[in-house]
Engineer: 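Pasting a structure below so you can have a look.
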Amino acid sequence: MTTRSLAILGSTGSIGTQAVELLLRQPDAFSVVGLAAGGGRVDALARQVNLLHPSLVAVHDGAAALALDRALGGTGVPILVGAAGVEEVAGCGADVVLNAITGSVGLGSTLRALSAGSTLALANKESLVAGGRLVRAAVQREGQIVPVDSEHSAIAQCLRAGSREEVSRLILTASGGPFRGWSREDLARVTPEQALAHPTWSMGPVVTVNSSTLVNKALELAEAHYLFDVPAEAIDVIVHPQSYVHSMVEFVDGATICQVSPPDMRLPIAWGLAWPDRLEGAVEAARFDRASAWEFEPLDESVFPAVRLMREALATSWLHPAVLNAANEVCVEAFLAGRLGYLGIVETVERVLDVFCASGDEDLQVLAQAEEWARAAAADVLERGRCQP
């Protein structure tokens with residue numbers, strides 16, 4: 001594998017820091033040309049700059065940019081500021097751009113990276129959830145987007161076993177989160193501390209809460225729909241607590257191909273960065289010389305309705321998934337701050353979806369207006385118990 005230039009967006013988050021760990025173990029595989037981060041961990045970003053020597057650095061928060069400049073001690077590395085700065089790094093023309101930004105704010109960077117012709121290693125699922133049609137229209141070639149979510153990475157790997165015409169169904173696996181088997185009465189008492197204690201994965205707080213409510217799996221359903229051009233009704237969600245089978249593809253002849261590895265995000269990150277090659281020794285392989293048992297069970301959508309809401313959103317309009325995601329972001333923030341009960345997260349999202357009416361062209365301005373409306377509507381429900389269409 002020849003050395004590839006790489007830009008990492010969200011470099012100080014969970015995905016970004018694991019990517020840097022992989023790079024340090026493969027010093028000849030990649031040359032880091034750009035780093036971008038929100039600004040919440042200036043010291044970590046400064047360490048990355050000193051380790052990787054990028055030619056461009058961007059920080060979303062202006063005050064953090066000043067702190068980074070002081071931390072770097074006048075090394076002369078240009079520091080770009082704000083969303084425009086992050087998007088400039090995304091569009092720098094690197095061979096590979098890893099988009100590990102959290103939230104739909106990452107859509108602009110996704111579009112810039114695709115427009116620049118870079119291969120996009122996509123860990124920002126919200127880009128596709130919010131702007132799936134816009135993203136698909138921006139793709140310039142087959143394989144330009146390589147998924148980094150473990151489930152979609154698994155599906156992409158399984159799809160090598162056959163042609164797209166031979167695919168019958170996609171099967172997304174879900175750990176079930178910390179509350180698998182709980183009733184809605186049990187869930188009414190869930191605290192933020194409990195929701196942040198995921199049984200198998202180590203992730204950021206928003207993704208961890210989304211995983212516990214199964215909103216994360218709802219977002220992944222939309223992501224799979226747009227990534228692989230498969231109808232939502234041909235995508236199943238199955239609970240697999242051990243998180244070793246990361247997803248499956250069922251083919252028309254009855255064969256089902258699955259991808260198996262320990263629950264470690266370094267594998268899908270490595271595959272996203274190196275595709276179509278593989279990085280040797282990214283993680284330890286699964287062991288089959290030891291006794292073990294894997295479980296599979298259907299998702300109880302009466303207790304966890306988020307996946308159902310996403311199916312309905314995808315069937316209603318291209319904007320409804322974006323509204324679901326934006327409203328959820330407001331609700332998760334309120335839950336973590338103690339201003340909303342656990343069940344209120346998805347209940348509020350559903351109330352917002354019920355009154356939203358999609359209109360306008362398929363462009364970024366219309367999308368931004370819909371997301372702004374969704375956030376305001378969710379805040380309105382939290383404050384007054386209702387929202388206006």
Side-chain angles (χ1 to χ4, degrees), residues 10 12-18 37-42 44 60-61 63-64 100-107 123-127 129-130 149 174-180 182-220 222 265 303-307 309-310 321-353 371-387:
T12 60
S14 175
I15 297 295
T17 53
Q18 290 179 83
R41 301 181 62 204
V42 171
H60 192 274
D61 180 77
I101 297 170
T102 299
S104 60
V105 68
L107 173 59
N124 175 249
K125 65 172 64 68
E126 294 89 350
S127 290
V129 173
D149 272 347
S175 71
F179 310 126
R180 181 175 63 92
W182 289 36
S183 67
R184 287 190 68 79
E185 291 75 17
D186 296 330
L187 293 177
R189 299 187 294 274
V190 167
T191 66
E193 291 73 22
Q194 289 174 305
L196 291 171
H198 196 280
T200 53
W201 292 100
S202 176
M203 305 170 288
V206 174
V207 177
T208 304
V209 173
N210 285 349
S211 181
S212 75
T213 61
L214 274 294
V215 165
N216 204 46
K217 208 54 53 177
L219 301 181
E220 289 172 5
M265 280 303 299
V303 178
F304 299 99
V307 171
L309 291 182
M310 182 57 81
V323 168
L324 185 158
N325 178 66
N328 179 72
E329 289 178 357
V330 172
C331 293
V332 169
E333 181 182 354
F335 168 68
L336 291 174
R339 295 185 286 108
L340 179 66
Y342 183 77
L343 287 177
I345 299 172
V346 177
E347 289 173 353
T348 301
V349 170
E350 184 167 17
R351 294 176 69 179
V352 171
L353 285 168
E371 290 183 313
E372 182 180 0
W373 177 90
R375 293 187 175 95
D380 210 30
V381 173
L382 297 180
E383 183 178 348
R384 290 189 286 273
R386 59 181 175 80
C387 61

Engineer: Quick check: closest heavy atoms across Ser212 and Pro178, and the distance to 0.1 Å?
Structural biologist: CB-CD, 3.8 Å
Engineer: Taking Glu333 for the side chain and Glu329 for the main chain, is one N or O donor matched with an acceptor at less than 3.5 Å?
Structural biologist: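 Flag not set: sc Glu333 to bb Glu329 has no pair under 3.5 Å.
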Engineer: Do the side chain of Asn124 and the main chain of Gly103 share a donor and acceptor less than 3.5 angstrom apart?
Structural biologist: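 Present.
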Engineer: Before giving the answer on side chain to side chain contact (heavy atoms under 4.5 Å, CB included), spell out for Leu196 and Leu336 the whole-Å C-alpha distance, their side-chain angles and the decisive distance to 0.1 Å.
Structural biologist: CA-CA 9 Å; Leu196 291 171; Leu336 291 174; 4.1 Å; yes
Engineer: Taking the side chain as every heavy atom from C-beta outward, state whether Thr348 and Val330 have any pair of such atoms under 4.5 Å apart.
Structural biologist: no
Engineer: Kindly indicate whether the side chain of Val129, heavy atoms from C-beta on, has any atom under 4.5 Å from the side chain of Met310.
Structural biologist: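 Sidechains of Met310 and Val129: in contact.
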Engineer: Which is it for Glu126 and Leu107 under the side chain to side chain contact (heavy atoms under 4.5 Å, CB included) test, yes or no, and what are the steps along the way?
Structural biologist: CA-CA 7 Å; Glu126 294 89 350; Leu107 173 59; over 6 Å; no
Engineer: I want to check something: taking the side chain as every heavy atom from C-beta on, are Val190 and Trp182 in contact at a cut-off of under 4.5 Å?
Structural biologist: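 With C-beta onward as the side chain, the pair touches.
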Engineer: If you compare all heavy atoms of Phe304 against all heavy atoms of Thr213, which two are closest, and at what distance to 0.1 Å?
Structural biologist: CD2-O, 3.9 Å
Engineer: Any heavy-atom pair between the side chains of Ser104 and Glu371 that's under 4.5 Å?
Structural biologist: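 Yes. Closest side-chain heavy atoms under 4.5 Å.
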Engineer: Rounded to the nearest 0.5 Å, what separates atom CG in Leu382 from atom CZ in Phe335?
Structural biologist: 13.0 Å
Engineer: Between Thr17 and Arg41, is the side chain to side chain contact (heavy atoms under 4.5 Å, CB included) condition met? List the steps.
Structural biologist: CA-CA 11 Å; Thr17 53; Arg41 301 181 62 204; 3.8 Å; yes
Engineer: Under 3.5 Å, is there a donor-acceptor pair between the side chain of Asp186 and the main chain of Ser183?
Structural biologist: yes
